[in-house]
Amino acid sequence: MKNKLILIDGNSIAYRAFFALPLLSNDKGVYTNAIYGFTTMLLRIIEDEKPTHLLVAFDAGKTTFRHKTYKEYKGGRQKTPSELSEQFPLLREMLDAFQISHYQLDQFEADDIIGTLARKGENEDLEVNVISGDKDLLQLISDKVTVSMTKKGLSEVDKYTPSFLDEKLEIRPDQIIDMKALMGDSSDNIPGVPGVGEKTAIKLLKQYENLENLYDNVEEISAKKLKEKLVNHKEDAFMSKELVTINCDSPIEISLSDLTYQGYQAQKVSEIFKELGFQSLLNRIDGEYTDDSSVPIDLPEIDVTIVNDITKELFTGVEAFEVEMLDENYHLSSIEGFGLVNKQGKYFIPVNVAIESDAFKEWAENTNNKKWVFDAKKVIVSLLHKGIHIKGIEFDLLLASHLIDPSENNHDIPAISHRLGQKGVFFDEEVYGKGAKRKVPELDKLVEHVGRKTNMIYQLKETAEEKLKENEQSELLKELELPLALILGEMEFTGVYVDQKRLEKMGEDLQERLKTIEKEVHELAGETFNLNSPKQLGPILFEKLSLPVIKKTKTGYSTSADILEQLQGKHEIIPKLLMYRQLGKLQSTYIEGLLRVVHEDTNKIHTRFNQALTQTGRLSSTEPNLQNIPIRLEEGKKIRQAFTPSKEGWFIFAADYSQIELRVLAHIAGDEKLIEAFNDDMDIHTRTAMEVFHVEAGEITDNMRRQAKAVNFGIVYGISDYGLSQSLGITRKEAQKFIDRYLDSYPGVRTYMEEIVQDAKQKGYVTTIMKRRRYLPEITSRNFNRRSFAERTAMNTPIQGSAADIIKLAMINLSIKLKEENLQARMLMQVHDELILEAPEEEIDLLKDIVSSVMENAIELNVPLKVDYAFGKTWYDAK
DNA sequence: ACAAGCACGC
DNA sequence: GACGTACGTGCTTGTA
């Protein structure tokens with residue numbers, strides 16, 4: 001049998017594994033996902049490919065010989081996340097256990113090591129296979145060298161041979177470097193020729209073979225723009241070619257004979273698997289060494305007592321408390337048990353023991369008993385479902401973690417504890433399994449897990465509070481987010497009544513109209529197809545009906561609404577498709593979707609507001625999302641007729657802030673003109689139009705106001721010139737001109753924008769009025785796009801985040817006021833800048849005053865806050 | 001189970 | 001025909 005050499009691009013595969021897998025960690029809190037992914041791949045290679053020679057090559061360090069050619073090589077790259085870099089030493093240990101050679105070489109990259117050894121192997125007549133996710137390596141392909149390219153994830157690879165490459169890209173292996181030289185590579189910061197992408201590069205190479213010949217004949221290129229760019233960036237192109245060319249003659253100190261692979265020692269490998277917690281991989285190892293006494297977990301022991309009888313003595317007045325559920329939706333999920341940790345011990349309380357106990361209820365409902373929890377709102381709501389009104393929550397680890405750094409997207413107890421430097425808790429997934437396999441484990445496992453989690457809350461409270469104190473955010477948690485959690489919990493528990501009959505009736509009407517339109521579209525198309533499938537629709541529009549292609553997506557033709565709108569008038573199928581889309585959305589998301597989440601027992605919708613998710617401090621809403629119920633188009637707005645008060649004779653009352661973000665901007669920026677505009681209570685879009693177009697109020701056309709509105713919108717949401725150009729259907733240059741003129745008109749805003757970016761660069765973060773924080777590490781990136789995005793975020797987050805702070809303050813004050821006034825009125829929903837309540841008729845007049853004054857006075861700014869309100873028999877009518 | 005494409009709100 | 005473009009949630013298709 002022929003000898004087989006496998007060369008693995010270590011960095012590339014580790015990166016892929018890291019991003020493809022969830023952030024797993026073992027019982028000691030060490031992250032293991034990249035190692036796990038890497039190892040499964042190794043096992044598969046060893047089993048399936050049976051290599052005789054094997055090597056894993058790594059990149060050496062920061063600088064390489066390529067940096068001499070180009071200082072900016074790989075510039076602007078995001079730093080390797082620490083969660084990944086900490087896995088590399090362990091990965092090397094793993095390779096040692098497998099007795100697999102691994103190698104790195106100062107000043108050279110893994111690519112060069114692989115290239116050099118691939119050529120050597122080829123010369124010795126070995127069958128060579130390179131494994132990587134980096135397309136640059138395709139240049140090594142030959143009759144004897146194949147390259148396996150990981151696709152999404154790790155389990156799938158494309159095996160590139162010369163013929164496969166020809167089939168895919170229609171070029172030869174040696175042309176890869178010419179292609180890359182023309183295209184550039186933004187991830188490695190290789191410039192290439194701007195405006196040339198894969199398609200153009202290949203077209204050029206088909207005609208001219210290589211870069212040198214292309215430039216010898218550049219004069220004959222007819223496309224003017226393209227030729228100009230090629231000529232202007234000739235140097236870049238040749239330098240890029242040099243950069244992407246793999247050095248196949250690197251000064252390596254190892255030879256092929258060092259790479260011989262003779263199998264691994266099962267014992268060593270299984271030891272390291274156990275250390276890393278790779279239970280599932282243990283039985284994939286050959287050899288006699290197996291240890292079937294279930295693997296002991298060497299987390300420090302934890303002693304959790306199961307409580308079967310609750311007495312007052314169980315409580316000390318300060319305890320960590322946890323409600324354990326397997327389903328995210330705490331309105332529906334059953335409770336598996338409660339965790340309780342105090343200075344006396346760690347306890348697990350079975351559900352019935354707790355809720356049938358008077359002592360438990362007394363403890364929970366007494367505000368003097370302080371509770372430290374994870375996700376206060378979940379605790380509040382799940383106990384409300386059991387008739388218990390828990391009070392005295394003075395710390396929430398989830399909310400604290402989100403305030404400390406909202407960009408962390410994992411706020412599980414294990415993830416937080418890892419960040420705060422504590423170990424000793426499992427991920428839910430490790431204990432419960434995932435997907436369809438998720439289930440409640442045996443009691444002792446459950447008890448231990450709940451005990452560990454609750455203990456972690458107990459342990460981490462101080463550390464988290466110290467961090468908050470450092471950031472001056474203690475008040476933000478205690479006075480804003482925690483009280484808000486209680487209010488949101490009550491809103492969710494109260495729920496919103498929906499008129500199901502009305503929804504069903506609307507659904508039936510829609511169904512008929514959809515069917516009619518579908519038939520008409522099929523007739524116009526001359527065939528039946530699935531209207532909901534862009535994949536099927538694309539070819540019909542752009543091939544069969546020959547409509548002009550405006551935009552393509554990765555997988556085919558774009559058929560999005562803005563594209564279809566541009567095709568209006570070209571074919572009578574277009575308006576029908578747009579109507580079908582509009583009605584189909586209503587039917588699936590808002591009629592069927594809402595009906596699906598109505599609770600049987602209450603006939604109401606009980607959303608969940610996520611208080612610890614967004615980067616700016618806004619809330620979000622799920623199951624259902626009550627923050628995106630249609631309003632713009634009349635057809636969709638009718639959905640709101642199904643949202644009605646829950647009691648006879650009551651009304652829906654809705655109040656919204658007028659232009660709160662722009663008012664906040666006026667305040668923060670201290671811009672005189674903008675402040676004046678709001679003091680005079682002017683129509684802000686008209687005012688902006690006057691400033692931007694230098695005309696008097698009377699001369700403003702509808703179109704000017706529309707454009708000014710889009711610019712204001714852009715300022716509020718931090719969109720780019722590109723974003724503005726899209727929303728106005730103008731060029732990017734024109735959009736940029738609008739932005740410039742806006743900033744000329746409001747010089748205070750310009751100064752603010754400049755200063756906040758500088759400030760963010762210096763501090764690394766921006767803050768809101770209430771000291772909410774958002775870190776912007778990419779603001780110093782050398783990558784233009786990343787940096788620009790961070791800059792816009794720096795400008796926008798204080799505006800949007802402060803607006804979010806203000807409405808939260810208003811909700812807290814309103815809740816207090818409603819109680820003081822002994823009103824039955826109650827809040828039901830929050831939609832970023834508006835509050836929706838329900839109230840008995842006799843309270844409406846009072847509410848007009850109370851709600852608007854509480855909202856307007858939530859905070860003192862140097863511009864007035866303005867609130868509009870309305871009420872009606874349904875949400876639709878409250879307009 | 002997951003990605004892609006699309007569409008709704010602020 | 002470039003690369004990526006405010007924030008979210010949730011639907012349907014299509015492939016694994």
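So you know, we letter chains A, B, ... as the sequences are listed, proteins then strands, and number each from 1.
- In this structure, A:Asp562 places its CG atom 12 Å from C1' of B:dG5, rounding to the nearest Å.
- Note: CZ (A:Arg732) to C1' (C:dC3) measures 10 Å, nearest angstrom.
- Comparing A:Thr200 and A:Gly718, the nucleotide of DNA chain C nearest to each residue sits closer to the 5' end for A:Thr200.
- Side-chain polar atoms of A:His522 and A:Thr528 form no donor-acceptor pair below 3.5 angstrom.
- Checking the phosphate oxygens (OP1, OP2) of C:dA6, a side-chain nitrogen or oxygen of A:Arg792 falls inside 4.0 Å.
- The 12-atom threshold is not exceeded at NZ of A:Lys576, counting heavy atoms of other residues, nucleotides or ligands nearer than 6.0 Å.
- Atoms CG and CD1, on A:Leu633 and A:Ile639 in that order, are 11.5 Å from each other to the nearest 0.5 Å.
- Of the two residues contacting DNA chain C, namely A:Lys203 and A:Thr614, the nearest-nucleotide position lying further toward the 5' end is that of A:Lys203.
- Remark: A:Asp877 engages A:Thr874 in a side chain to side chain donor-acceptor pair (under 3.5 Å) (not counting sequence neighbours).
- Ring geometry for A:His599 versus A:His606: interplanar angle over 60°, hence perpendicular rather than tilted (30 to 60°).
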Q. Which string of ( ) [ ] | and . matches DNA chain C, if you list each base 5' to 3' and count Watson-Crick or G-U pairs only when both distances are under 3.5 Å?
A. ......|||||||||.
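- For A:Glu543, the CD atom is densely surrounded, since the number of other residues' heavy atoms within 6.0 Å is greater than 12.
- Of the possible donor and acceptor atoms, none in the side chain of A:Ser725 sits under 3.5 Å from a partner among the backbone N and O of A:Ala735.
- At a cut-off of 3.5 Å, with distance as the only test, a side-chain donor of A:Ser621 or A:Thr607 sits close to an acceptor on the other residue.
- Distance A:Glu778 CD to C:dT5 C1': 13 Å, rounded to the nearest Å.
- For the pair A:Glu791 CD and C:dA6 P, the interatomic distance rounds to 15 Å; values are reported in whole Å.
- In this structure, A:Arg773 is positioned above the aromatic face of A:Tyr765, its NZ or CZ under 6.0 Å from the six-membered ring centre and within 45° of the axis.
- When atom types are taken as modelled, the side chain of A:Gln536 and the backbone of A:Ser533 share no donor-acceptor pair closer than 3.5 angstrom.
- Here the side chain of A:Glu481 pairs no donor or acceptor atom with the backbone of A:Leu399 at under 3.5 angstrom.
- In this structure, the NZ atom of A:Lys551 is 12 Å from the C1' atom of C:dC3, given to the nearest Å.
- Backbone-only engagement by A:Ile629 is indicated by non-hydrogen atom pairs under 4.0 Å involving sugar-phosphate atoms exclusively.
- A donor-acceptor pair under 3.5 Å links the side-chain atoms of A:Glu430 to the main chain of A:Phe427, judged by distance alone.
- Between the NE2 atom of A:His233 and the C1' atom of C:dA2 there is a distance of 13 Å, rounded to whole Å.
- Annotation: cation-pi pair A:Lys552/A:Tyr557 present, NZ/CZ under 6.0 Å from the ring centroid and within 45° of its normal.
- Spacing between atom CE of A:Met183 and atom P of C:dG1 amounts to 14 Å, rounded to whole angstrom units.
- Of the residues in residues 794-810 of chain A, none has a non-hydrogen atom less than 4.0 angstrom from any atom of DNA chain B.
- Among the protein residues, A:Phe789 comes within range of the sugar-phosphate backbone only, with heavy atoms under 4.0 Å from sugar or phosphate atoms but none that close to a base.
- Spacing of P atoms, C:dT5 relative to B:dG5, comes out at 13 Å, to the nearest Å.
- Following rounding to the nearest Å, A:Phe609 (CZ) and C:dG8 (C1') show an atom-to-atom distance of 14 Å.
- By the 6.0 Å contact criterion, NZ on A:Lys737 is open, its count of non-hydrogen atoms from other residues, nucleotides or ligands being 12 or less.
- With ring centers used as reference points, A:Phe738 lies 6.0 Å or more from A:Tyr742.
- Across residues 552-561 of chain A, A:Thr553, A:Lys554, A:Thr555, A:Ser558, A:Thr559, A:Ser560, A:Ala561 each have a non-hydrogen atom less than 4.0 Å from an atom of DNA chain B (numbered order).
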Q: Report, as a single string ordered 5' to 3', how protein heavy atoms within less than 4.0 Å touch nucleotides 9-14 of chain C: B base, S sugar-phosphate only, - not at all.
A: BBSSSS
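- Donor-acceptor pairing under 3.5 Å, judged by distance alone, is absent between the side chain of A:Arg581 and the base of B:dC6.
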**Q.** Candidate pair A:Arg596 and A:Glu623, rule salt bridge (charged side-chain N to carboxylate O under 4.0 Å, His left out), full reasoning
**A.** CA-CA 9 Å; A:Arg596 215 176 4 247; A:Glu623 267 187 280; over 6 Å; no
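- For A:Lys638, the NZ atom sits in a packed shell: over 12 heavy atoms of surrounding residues, nucleotides or ligands are nearer than 6.0 Å.
- Near DNA chain C, defined here as any heavy-atom distance below 4.0 Å, there are no residues from residues 658-665 of chain A.
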